[in-house]
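Accompanying notes for the structure given below.
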Amino acid sequence: MACAAARSPAEQDRFICIYPAYLNNKKTIAEGRRIPISKAVENPTATEIQDVCSAVGLNVFLEKNKMYSREWNRDVQYRGRVRVQLKQEDGSLCLVQFPSQYILSLTSCSQ
């Protein structure tokens with residue numbers, strides 16, 4: 001097995017994950033929200049996150065059957081995660097305005 005440093009950032013399993021709970025203003029930080037309430041939105045879905053990321057030009061794909069580990073509600077509405085490519089094969093950023101997952105999350109909510 002190759003070490004993580006030798007693997008390409010462009011491989012899909014190296015894309016960052018964004019779960020709807022990260023952006024949900026109904027969640028507490030303990031429940032998984034990762035951004036300020038003032039920037040969060042009410043009950044986002046993985047499909048909506050995918051649409052916003054695609055609209056700004058990021059390479060994304062949706063994993064519909066994945067669940068956030070802190071999510072106690074197993075309804076279909078709360079399922080899914082979005083995988084987003086932030087770095088290219090050579091390690092440079094895909095889009096310079098999104099250097100980190102945190103910045104991308106804030107931008108996704110403001111769209």
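Within the model, atoms CZ of R83 and CG of N59 stand 12.0 Å from one another, a figure rounded to the nearest 0.5 Å. Atom-to-atom distance recorded for R33:CZ and E31:CD is 9.0 Å, nearest 0.5 angstrom. Of the inter-residue distances, the one linking C53 atom SG with E48 atom CD reads 12.0 Å to the nearest 0.5 angstrom. Atom CD1 of I16 and atom CD1 of I18 lie 4.5 Å apart (nearest 0.5 Å).
In this view, R81 and E63 satisfy the salt bridge (charged side-chain N to carboxylate O under 4.0 Å, His left out) rule, not counting sequence neighbours. With sequence neighbours excluded, the residues forming a side chain to side chain donor-acceptor pair (under 3.5 Å) with N43 are N24, listed by chain and number. Residues satisfying the side chain to side chain donor-acceptor pair (under 3.5 Å) criterion with E71, sequence neighbours excluded, are K27. Under the side-chain contact (heavy atoms from CB on, under 4.5 Å) criterion, S92 pairs with Q88, D90, sequence neighbours left out. Residues satisfying the side-chain contact (heavy atoms from CB on, under 4.5 Å) criterion with N25, sequence neighbours excluded, are I37, A40, E42.
Scanning both residues, S54 and V60, for their nearest heavy atoms gives OG-CG2, 3.1 Å. Of all non-hydrogen atoms in G80 and A46, the two that sit nearest each other are C-CB, 3.8 Å.
L95 and L93 fall into different hydrophobic clusters, where Ile, Leu, Val, Met, Phe, Trp and Tyr side chains are chained together by heavy-atom contacts under 4.5 Å. Grouping the Ile, Leu, Val, Met, Phe, Trp and Tyr side chains by contacts below 4.5 angstrom, directly or via other members, places V56 with I35.
Under the 30°/60° scheme for interplanar angles, the aromatic rings of Y19 and Y68 are found to be tilted.
Between the side chain of R70 and the main chain of A30, a donor-acceptor pair closer than 3.5 Å is present.
With a 4.5 Å cut-off on side-chain heavy atoms, P20 and I49 count as touching.
Evaluation of the ring-ring contact (aromatic ring centres under 6.0 Å, His included) test over residues 34-62, restricted to residues two or more places apart or in two chains, returns F15-F61.
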